[in-house]
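Both backbone and side-chain heavy atoms feed into the values below; hydrogens, waters and symmetry mates do not. Convention: sequence-line order gives letters A, B, ...; per-chain numbering from 1.
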Amino acid sequence: MEPTEAGTYDHRAIESRWQRYWQEHQTFKAVDGADKPKFYVLDMFPYPSGQGLHVGHPAGYTASDILARHKRMKGYNVLHPMGYDAFGLPAEQYAVEHGVHPRATTEKNIANIEKQIKMFGFSYDWSRRLATTDVGYYRWTQWIFLKMFNSWYDPAADAARPIEQLIEKLQNEDYLISPIGELIYNDTENLAAILGDPVGAVKFYELAPAEQRELIDSQRLAYMAQVPVNWCPRLGTVLANEEVTNEGRSERGNHPVYRRALTQWMLRITKYAERLLADVDALEWPEPIKLMQRNWIGKSTGAQVYFPLDGRDDVLEVYTTRPDTLFGATYMVLAPEHPLVEELTGTNCRPQVADYMTQAAKKSELERTAESKEKTGVFIGAYAVNPVNDQKIPIWVADYVLMGYGTGAIMAVPAHDTRDMEFALKFDLPIVQVVEPPAGTNWRGYVGDGIAVNSGKFDGLTTAEFKEEIIKWLTEQQLGRRAVNYKLRDWLFSRQRYWGEPLPIVHCAHCGTVALPDEQLPLELPEMEDFTPAASDDPDSLPQPPLGKLRDWAQTTCPQCQGPAQRELNTMPQWAGSCWYYLRFLDPHNDRACVDPQIERYWMAPDSDNPVGGVDFYIGGAEHAVLHLLYARFWHKLLYDLGYASSPEPFRRLFNQGMIRSFAYRDPRGMTVGYDQVDKSGQPPRHKQTGEPLVETVEKMSKSLKNVVNPNEVIEQYGADTFRMYEMFMGPLEASKPWNTNDVPGIQRFLQRLWRLIVAEDGCLHPAIGDAEPDAASLRLLHKTIKKVTADIETLSLNTAISQMMIFLNEYSKAAARSRWVLESYVLLLSPFAPHIAEELWRRLGHETTLAYEPWPVFDEELTRDPEVELAVQINGKVRDRIVVPADSDEESIRRTVLALAKIQEQLAQKTVRQVIVIPNRLVNIVAN
RNA sequence: GCCGAAGUGGCGGAAUUGGCAGACGCGCGGGAUUCAAAAUCCCGUCCUGGCAACAGGGUGUGGGUUCGAUUCCCACCUUCGGCACCA
């Protein structure tokens, strides 16, 4: 490397030079299977938007980089990769609006964002870089999708298994098929011997081939179903719930969204609900995030109860968490989509019901939520019988009951359920008390626990006891059973868009839905001129995936029968690619497997450091608290079940960095004012031209608020090391905090002072530096600093690690002689934070290679101790004096010394000493009155 | 509405988890250096009173526990994040 022996700190020269060095020497290449403990530090990979990087991204990347560099110096084999989550709506929408191909914009955006990321000097192993849009990557995303398609959830194994095993079991008659197409476990030893075959059940061979196929398809983990979806005609696609705003509009573009029943691809994540819930406990994630995952899964326990239908043989099935309130059920409600509505509606009521249904169906999400406060519904002219008291109760249809939860029908207990009470009051339905609340509380609308009343023989039971008793009773009477429900729904997995992974499926008139065989993967996304979706303003328009325009491509042959077949035209949603990228980083160039099993085990298998297994440290924003993390956990568990992953969970430890926001200024008229117009010298800040006082707030960065900070500009002016350290110094990593460019020079000054401590003006090593032994005070300062910085990195308290390094520099600058060895240790401590300047100083201190693998400095607890300590002397909790005593002095001698102090005697003149409390090495408190 | 996180100087924030509130940085005031400026270095900087030593007050608000509370308990206020008719 050519020497640039400048005397001044030139961040541009130093940073570009060391970035080149690291690249040329492949300094950060991770070796698979190396004989060292492994450590996998992962960043949530970015979406390469046209906006490029903002100052929020590097906060997490810097923290993970500090951890990665620290762990390398601690002797770990560190895997620290980076890639791009590049499929999805934003890129495509941008492409549509600008008339460019999404591949072109995506490639441009990736190149741009990568250039930006590389300016920070992160220690990524760039040889593992990937993008979800690479054919070599999404070939395996398609492969995993087919694994789901070709699997079922085996309740006996409580795991996913190949679908062939189900077929085998059906052929062996381990399972029979109920009249409604459900699997029944054929327990030959018990049931059949006594009862014969279960009533109405059929055997697999008794089904016609088409029926057999239908049954198998209904068990696949990836399946097609007609479901109510969020249909956005303007975008021409269906959207996931999370892509729809609270106002019932599309997050992208703010277009209206409608509920429509459409046939779509679904992933059966609900089969994993219990495991996804249970396994959260063992993860080292922030508690609030774990709570959000639990709430999203939304497990509840209660009972399934059968209400006989008046005048019919069948029953209406409801789910309730409060079976103890059965005696208070005075009416029932069906969701508008409930299959029995049509059948049950009495002749007289048909017009009203039909009318209500049309209105409900027409409503957009917006209207449905906007009217959420006012309950609507109609009586359908039919009755059910309350099984506990044989009372005839009316059945209504109302959209406050959702088809997607429970059975889509409820028993209404207006006395003890807020929604039911609102409805009952509006439509004048009877309200019967069945729970006695604690004294002083009105029973009307009381939803808490209490004592049972008006409940026949169950009167007097507590809510908890009642629940147990009634479930027992219902089970005995065959009127119900214990039941568990989850809020979690199956994952809507198809999009009518171009820029996504094509689903590797063909539809054959003869063979049905057929998976492409492995050797036909990848199914490449075909090139097309006009990839725009069929956008429309008509809510009744139907989805028309852009791929359908490619007639020649869509027409294909069936891999099974070689007959003519139609390709699946939908693509996968944006979340798909991010579900397994952390596995691909382990073995990114493998074209025979998604990841080599041996390599996968080396990095992911549980060990003594990481008993759960998976990525050791995952850092990213809390905005992915639920969806990405839940979806990825689901895919991972599937791969685990099928033997492709060796840990039950993908991410053992998770850390959420806080959002970086910035100050925004508004004048008295509420207009936003750009930073260049703000005079911050006084309070309040004023407008430079008009002198008007401005209101300062902290908000998300946005163009309209004129408070966007561009990281490139900051790096250009102050350097990457300064940028990195500033972001870590701002405050706790997990806290949301405001960027303040005015604070940045303070960090740069710190680095410059360090530079001048080591490098003289002529560029040589500073003459004060020598090889003499450091004095005791310097040694103590160094050991304290090693201790603090090491501990703080482990807990990612990086702000306080940096202040300790500042304290060191402030103190050590005063020392007359500078020890080369002390400075070297210090530079090593600094290196994870500010790697470029650290490498440069390391070299100038006489080393020829990178410091990235130098052993991390160790401290001696003994050497961190101060020989003397200052104690505060308090009287009744107020500091009145201070004394300096040898460290660890005994309490008795401290007590004597303190009571003899002149100031203290004076203060105690009129008082009696009641108690003297000595806190070793901290303070003394004299209690007196 | 429900759940979660957080309120400390002019600003960002620290405080060994019950032990000297305000570390560290920014800003501000004063000084040194300079022909001058930038840069750099030194001193000061929670508020009130005082030249000062010092005294009083102070961690969103009100109460409580304790020798002692930013830290623990109760009630309330505010901000941010998530969920939202989930039976």
Which donor-acceptor pairs under 3.5 Å do the side chains of residues 319-329 of chain A make with protein atoms, sequence neighbours left out?
from, atom 1, to, atom 2, distance (Å)
A/Y319, OH, A/S300, O, 3.1
A/Y319, OH, A/S300, OG, 2.6
A/T320, OG1, A/R322, N, 2.8
A/R322, NE, A/D324, OD1, 2.9
A/R322, NE, A/D324, OD2, 3.4
A/R322, NH1, A/V447, O, 3.0
A/R322, NH2, A/D324, OD2, 3.0
A/T325, OG1, A/R322, O, 2.7

Whether over 12 other heavy atoms sit under 6.0 Å from A/K426 NZ: yes
message: Judged by each residue's nearest nucleotide on RNA chain B, which is more toward the 5′ side, A/N485 or A/K814?
response: A/K814
message: So if I define the base as every atom that isn't primed, P, OP1 or OP2, how would nucleotides 14-24 of chain B read as a B/S/- string at a heavy-atom cutoff under 4.0 Å?
response: S-B--BB--BB
Determine the Euclidean distance between corresponding [atom1] atoms of [M] and [N]; express it in Å to zero decimal places.
N	M	atom1	value
B/rC28	B/rA38	P	12 Å
B/rA6	B/rU61	C1'	16 Å
B/rG25	B/rA75	P	41 Å

- prompt: Is A/K903 touching bases, backbone alone, or none of the nucleic acid, heavy atoms closer than 4.0 Å?
  reply: sugar-phosphate
Can you list, pair by pair, the side-chain donor-acceptor contacts under 3.5 Å of residues 742-755 of chain A, counting residues two or more places apart and other chains?
from, atom 1, to, atom 2, distance (Å)
A/Q748, NE2, A/Y718, O, 3.3
A/R753, NH2, A/N810, OD1, 2.5
A/W755, NE1, A/G7, O, 2.8

task: For residues A/S797 and A/T795, report the shortest heavy-atom separation together with the two atoms involved.
output: OG-OG1, 2.8 Å
query: So, for A/F427 and A/Y331, is the gap between ring centers shorter than 6.0 Å?
result: no
Which nucleotide, [options], lies nearest any side-chain atom of [X]?
X	options	value
A/R749	B/rC26, B/rC83, B/rC3	B/rC26
A/N740	B/rU40, B/rC11, B/rC3	B/rC11
A/K878	B/rC26, B/rC3, B/rG57	B/rG57

- line: Rounded to whole Å, CG of A/L757 lies from P of B/rU40 at a distance of 15 Å
statement: To the nearest angstrom, the CH2-C1' distance between A/W739 and B/rC26 comes to 14 Å
- line: The residue among A/F833, A/F729, A/W739 that forms ring pair (Phe, Tyr, Trp, His ring centres under 6.0 Å) with A/F723 is A/W739
message: Any side-chain N or O of A/T418 below 4.0 angstrom from OP1/OP2 of B/rC85?
response: no
